[in-house]
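Counting starts at 1 for both ligands and their atoms, following the listed order.
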Amino acid sequence: MEVTGFNNERHKIYNGDAIKVLSEYIEDESIDLIFADPPYNIGKDFNGYKDKWDKDEDYLNWCYTWIELCIRKLKKGGSFYVMTSTQFMPYFDIFIRDKMSILSRIIWSYDSSGVQAKNYYGSMYEPILFCVKDANNYTFNSSDILVEAKTGAKRKLIDYRKDPPQQYNTEKVPGNVWDYARVRYRMSEYENHPTQKPEALLERIIKASSNIDDVVLDPFSGSFTTCFMAKSLGRKSIGIDIQEDYIKIGLRRLELLNDYKGETLARPLKIYEQDKNTNLPTLF
Ligand SMILES: C[S@@+](CC[C@H](N)C(=O)[O-])C[C@H]1O[C@@H](n2cnc3c(N)ncnc32)[C@H](O)[C@@H]1O
């Protein structure tokens, strides 16, 4: 499959296979933050394209390939957030843990399940791994993502272990259980995509793990929530998806639709220019 797409100085959209685009179009060590939300191998229907591999082993081997590539594309101080279904996350965890530092195992918990289970406990969460390449050097803007600390803010408790006694903090860095409603039809952010992630979830991730003008990449962009939030927060973005219908959603959300001509991109796309002083390639 050829890769088509669109790019300007700050935002790039690739219509193609993630492994192909990552390996042939993205420079090594050029990305600050990657959010990867692949098909979960649970039989979802992505616009006629079924998310189910014949053997679990085949799904995992496919995932291991793009995970390796994501790690290679991250800068030394880069961060990687990756999702999959609850049943496959343990394999991801074991695969990644000796290649990166896994700093948090996050639960995205929501109020209602798509399927109402009757004979077992319905799934009300999705796991997210937060990993960094270098545990001594990574971006984490804790002050940009503070949430209310109920002990201090609501219950107004006093910490008598302090001298003099002090009220508990009213704000804190969020823990690893994140409550965000799933995106449903009629919500203002809704797009026609079966597994659209909430803007608020990506807002937290992008604010915490990147800075203004950093490059955020999403290899399975779907409805392009990641790129849309990256743009809204002043970051650069690179989005990839295999389905043209989803690319169109992305172009619209990033306000690039009028500039898009569906052109085939040269291989490899020249996504860098030589820095005049150092002669090293620099992104954009
Ligand atoms: C779980 S969804 C991502 C949803 C996205 N995070 C959002 O907020 O809308 C996975 C996406 O991966 C895309 N996809 C499946 N196989 C792919 C491949 N080999 N390369 C690139 N994209 C692929 C699907 O079209 C689907 O949109």
Side-chain angles (χ1 to χ4, degrees), residues 1-5 12-26 33-54 58-70 73 80-89 92 106 108 110 114 123 125-129 178 180-185 187-206 216-232 237-254 265:
M1 181 190 174
E2 336 178 281
V3 176
T4 56
K12 300 186 188 306
I13 293 186
Y14 295 96
N15 185 191
D17 172 63
I19 290 176
K20 184 176 175 68
V21 176
L22 283 170
S23 48
E24 295 175 18
Y25 291 76
I26 310 292
L33 166 64
I34 296 182
F35 173 78
D37 174 27
Y40 283 10
N41 195 25
I42 53 173
K44 285 250 176 217
D45 184 351
F46 290 110
N47 209 12
Y49 169 89
K50 265 266 180 280
D51 148 42
K52 190 82 187 104
W53 276 248
D54 289 341
D58 295 343
Y59 171 69
L60 287 168
N61 284 332
W62 175 71
C63 291
Y64 295 157
T65 308
W66 57 256
I67 290 172
E68 289 267 22
L69 277 167
C70 286
K73 302 298 155 177
F80 183 42
Y81 287 72
V82 61
M83 301 186 66
T84 186
S85 45
T86 50
Q87 52 271 51
F88 292 108
M89 190 50 101
F92 278 30
I106 298 161
W108 168 36
Y110 35 72
S123 182
Y125 79 93
E126 289 173 40
I128 309 174
L129 291 184
W178 298 2
Y180 291 116
R182 293 162 72 228
V183 182
R184 296 201 193 79
Y185 188 57
M187 284 168 74
S188 62
E189 66 182 87
Y190 174 83
E191 296 289 345
N192 188 12
H193 190 285
T195 62
Q196 182 183 353
K197 298 299 170 290
E199 289 175 8
L201 186 138
L202 268 308
E203 180 179 357
R204 176 175 288 173
I205 290 173
I206 293 169
V216 180
L217 182 145
D218 183 338
F220 305 99
S221 294
S223 64
F224 281 76
T225 310
T226 307
C227 298
F228 171 74
M229 284 315 298
K231 184 178 180 204
S232 312
S237 77
I238 301 178
I240 307 166
D241 203 284
I242 203 156
Q243 296 257 7
E244 200 182 3
D245 285 350
Y246 300 150
I247 296 294
K248 288 189 181 140
I249 296 179
L251 289 161
R252 174 173 46 72
R253 286 183 94 182
L254 274 88
L265 298 179

Student: For Asp245, does the CG atom have more than 12 heavy-atom neighbours from other residues, nucleotides or ligands under 6.0 Å away?
Tutor: yes

Student: Lys20 side chain to Val3 main-chain N or O, any donor-acceptor pair under 3.5 Å?
Tutor: no

Student: Any protein N/O atoms within less than 3.5 Å of an N/O atom in ligand 1? List the atom names and distances, or say none.
Tutor:
residue	atom	partner	partner atom	Å
ligand 1	6 (N)	Asp37	OD2	2.7
ligand 1	8 (O)	Lys197	N	2.9
ligand 1	8 (O)	Thr225	OG1	3.2
ligand 1	9 (O)	Ser223	N	2.8
ligand 1	9 (O)	Ser223	OG	2.6
ligand 1	19 (N)	Asp17	OD1	2.7
ligand 1	20 (N)	Ala18	N	2.8
ligand 1	22 (N)	Ile242	N	3.3
ligand 1	25 (O)	Asp241	OD1	2.8
ligand 1	27 (O)	His193	NE2	2.8
ligand 1	27 (O)	Asp241	OD2	2.8

Student: Out of Phe35, Tyr14, Trp62, Tyr40, which one pairs with Phe220 under the ring-ring contact (aromatic ring centres under 6.0 Å, His included) rule?
Tutor: Trp62

Student: Is the cationic atom of Arg253 (NZ for Lys, CZ for Arg) positioned less than 6.0 Å from the six-membered ring centroid of Phe228 and within 45 degrees of its normal?
Tutor: yes

Student: How many angstroms lie between atom OG1 of Thr65 and atom CD1 of Ile19, to the nearest 0.5 angstrom?
Tutor: 5.0 Å

Student: Anything under 30° is parallel, anything over 60° is perpendicular, the rest tilted; go ahead and classify Tyr180 against Trp178.
Tutor: perpendicular

